[in-house]
Amino acid sequence: MMVGLAIVSCQSPAQDNYKNTTSKLEDCRTIEHQMGKTEVCGQPQRIVVFGPWLLESLLALNVQPVGYAAHIEFFQEDYTDPAKQIPYLGDRITQQVANVGSAFSPSIEAILKVKPDLIIGTEYNDDVYDTLSQIAPTLMVKDAFDDPEQSLRTIAQAVDRGEQVEQLLTQTQQQITAARSAFAPLVANHPRVALLSASQLQNIEVENSSGACGSLVKELGFQLVFPPGMNNNDSDLSIPISLEILPQLNDTDLILLLGYNFSNSEELDSMDRFKDHQLSDIKQAWSENAIAQSLDASKAERVYFAQGYLCTSLPGAIGTKLYLEELKQQLLPSPAS
């Protein structure tokens with residue numbers, strides 16, 4: 001009840017201002033999304049977005065947010081220095097951004113304070129859709145991991161940047177094509193890849209081609225390898241395995257391990273330190289583990305480590321570019337100087 005009263009008291013001036021402004025506009029459009037249809041008019045200026053997977057699309061369209069809810073609480077206060085506080089995307093943000101809670105449990109009070117004229121969430125926020133819709137036009141976009149292209153198109157329509165979508169998609173495909181050529185010699189000699197992800201060796205998963213991490217590796221020409229008895233099940237993005245299963249991957253040509261580590265991330269004072277933090281523990285654990293070191297790929301020094309956050313949290317245009325750059329840096333030899 002108190003939240004409802006807060007919405008009414010805080011919302012009325014913003015709602016009246018929104019109606020007064022948009023009533024004079026003729027470029028209103030009805031946008032279909034996960035929860036139905038929402039009318040958005042003009043070009044929204046005060047946008048709140050939930051999760052890095054949606055923030056990525058917004059920034060790729062050259063639109064700035066006023067409020068952001070992260071899926072992992074790296075930072076508790078408002079984002080006064082986004083380049084240091086929002087991983088991989090913060091350097092694209094040109095203004096201070098309000099912290100409106102968690103992507104899975106946004107703060108209604110914090111959202112009210114920024115007086116948004118557009119809110120963009122996902123199906124994870126369906127339970128608060130009615131409440132959010134009382135504050136501003138609200139879209140619940142399909143999970144970007146299911147269909148990043150459709151999510152991009154929906155967001156582009158909402159922010160009146162539809163003409164940029166085809167250019168973004170073309171650029172991304174060109175980057176993938178160029179990377180496929182760059183990886184061709186490696187693929188020819190070592191085509192079979194075991195793609196793993198882990199924060200620690202006791203919790204390893206085998207990635208398949210239905211997720212952003214595995215699908216891009218497959219697009220580069222590699223063949224994903226699984227332990228005997230396990231298939232590339234499209235209904236699962238990844239398959240948990242025990243450390244003792246690793247020797248069953250001995251017929252692979254190389255191993256790519258996507259590492260992540262979000263513990264104590266709030267203590268890191270730069271993105272360079274954050275990135276190093278993602279891989280340092282898992283690299284050390286792999287080097288010290290007898291089972292991991294017994295693998296043929298380890299003996300041949302063909303085990304590589306990359307930042308899993310890039311493909312698990314950023315499946316769109318920006319993340320794809322960063323993921324390709326990371327794979328090139330880790331797997332391909334540096335050009336001779």
Side-chain angles (χ1 to χ4, degrees), residues 53 71-72 143 145-146 179 183 186-265 275-315 319-320 323-324 326-332:
W53 42 84
H71 68 317
I72 297 171
D143 190 338
F145 297 98
D146 292 335
F183 277 93
L186 179 61
V187 171
N189 292 317
H190 306 294
R192 294 169 57 79
V193 175
L195 181 62
L196 310 177
S197 63
S199 60
Q200 52 186 352
L201 289 185
Q202 289 73 24
N203 297 301
I204 302 176
E205 296 186 339
V206 180
E207 299 289 324
N208 69 29
S209 60
S210 61
C213 301
S215 63
L216 191 53
V217 170
K218 189 175 180 180
E219 280 196 77
L220 294 177
F222 291 105
Q223 175 188 347
L224 297 182
V225 176
F226 300 87
M230 295 185 182
N231 298 315
N232 185 6
N233 187 344
D234 289 339
S235 66
D236 296 316
L237 298 180
S238 57
I239 306 167
I241 64 171
S242 66
L243 185 61
E244 290 71 24
I245 295 294
L246 281 180
Q248 298 182 23
L249 292 169
N250 241 353
D251 61 343
T252 187
D253 295 311
L254 61 86
I255 293 174
L256 174 60
L257 199 159
L258 304 173
Y260 56 93
N261 181 4
F262 302 134
S263 63
N264 302 318
S265 293
K275 294 172 185 177
D276 291 340
H277 185 63
Q278 300 305 296
L279 300 179
S280 57
D281 287 353
I282 195 68
K283 279 184 176 181
Q284 181 175 349
W286 187 276
S287 69
E288 295 175 351
N289 183 270
I291 295 177
Q293 290 304 300
S294 72
L295 303 180
D296 290 344
S298 289
K299 295 175 182 177
E301 297 185 346
R302 288 199 297 269
V303 178
Y304 305 91
F305 300 85
Q307 301 166 59
Y309 188 97
L310 297 176
C311 56
T312 59
S313 299
L314 306 174
T320 297
Y323 186 38
L324 287 172
E326 175 79 353
L327 294 180
K328 288 179 182 178
Q329 180 180 346
Q330 303 301 331
L331 273 70
L332 298 183

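A distance of 10.5 Å separates CG in Asn203 from CG in Leu243, rounded to the nearest 0.5 Å. Of the inter-residue distances, the one linking Asp276 atom CG with Gln307 atom CD reads 8.0 Å to the nearest 0.5 angstrom. From Tyr323, atom OH reaches atom CG of Leu314 across 12.0 Å, with rounding to the nearest 0.5 Å. The CG atom of Leu327 sits 8.5 Å away from the CZ atom of Phe222 when rounded to the nearest 0.5 Å. Between Ile255 atom CD1 and Leu295 atom CG the span is 5.0 Å, to the nearest 0.5 Å. In this structure, Thr312 OG1 and Leu258 CG are separated by 8.0 Å, a value rounded to the nearest 0.5 Å.
Pairing each heavy atom of Ala306 with each of Glu326, the nearest pair is CA-OE2, 3.4 Å. When all heavy atoms of Leu324 and Ala179 are compared, the closest pair comes out as CD2-CB, 3.8 Å. Minimum heavy-atom separation, Ala212 to Cys311: CB-O, 3.5 Å.
In this view, Ser242 and Glu244, Ile245 satisfy the side-chain contact (heavy atoms from CB on, under 4.5 Å) rule, not counting sequence neighbours. The side-chain contact (heavy atoms from CB on, under 4.5 Å) search around Leu332 returns Ala182, Phe183, Leu186, Lys328, not counting sequence neighbours. Contacts of His71 classified as side-chain hydrogen bond (donor to acceptor under 3.5 Å, both in side chains), with partners at least two apart in sequence or in another chain: Ser313. Qualifying side-chain hydrogen bond (donor to acceptor under 3.5 Å, both in side chains) partners for Glu219, counting only residues two or more places apart in sequence or in other chains: none.
Counting only distance, with no hydrogens or angles, the side chain of Gln278 and the backbone of Asn261 share a donor-acceptor pair below 3.5 Å. Listed for the Tyr309 side chain is no donor-acceptor partner under 3.5 Å among the backbone atoms of Tyr260.
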Counting only pairs under 3.5 Å, give me each side-chain donor-acceptor contact of residues 192-201, with atom names and distances, residues two or more places apart or in other chains.
residue	atom	partner	partner atom	Å
Arg192	NE	Asp251	O	3.2
Arg192	NH2	Asp251	OD2	2.9
Ser197	OG	Glu207	OE2	2.7

Could you list the donor-acceptor pairs under 3.5 angstrom formed between side-chain atoms of residues 296-305 and any protein atom two or more places apart in sequence or on another chain?
residue	atom	partner	partner atom	Å
Ser298	OG	Trp286	NE1	3.0
Ser298	OG	Ala292	O	2.7
Arg302	NE	Asp253	O	2.8

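Taking the side chain as every heavy atom from C-beta outward, Thr320 and Leu216 approach each other to under 4.5 Å. Contact annotation: the side chain of Pro227 approaches that of Val206 to within less than 4.5 Å [non-hydrogen atoms, C-beta and beyond]. Considering only heavy atoms from C-beta on, Ile241 comes within 4.5 Å of Leu246 through its side chain.
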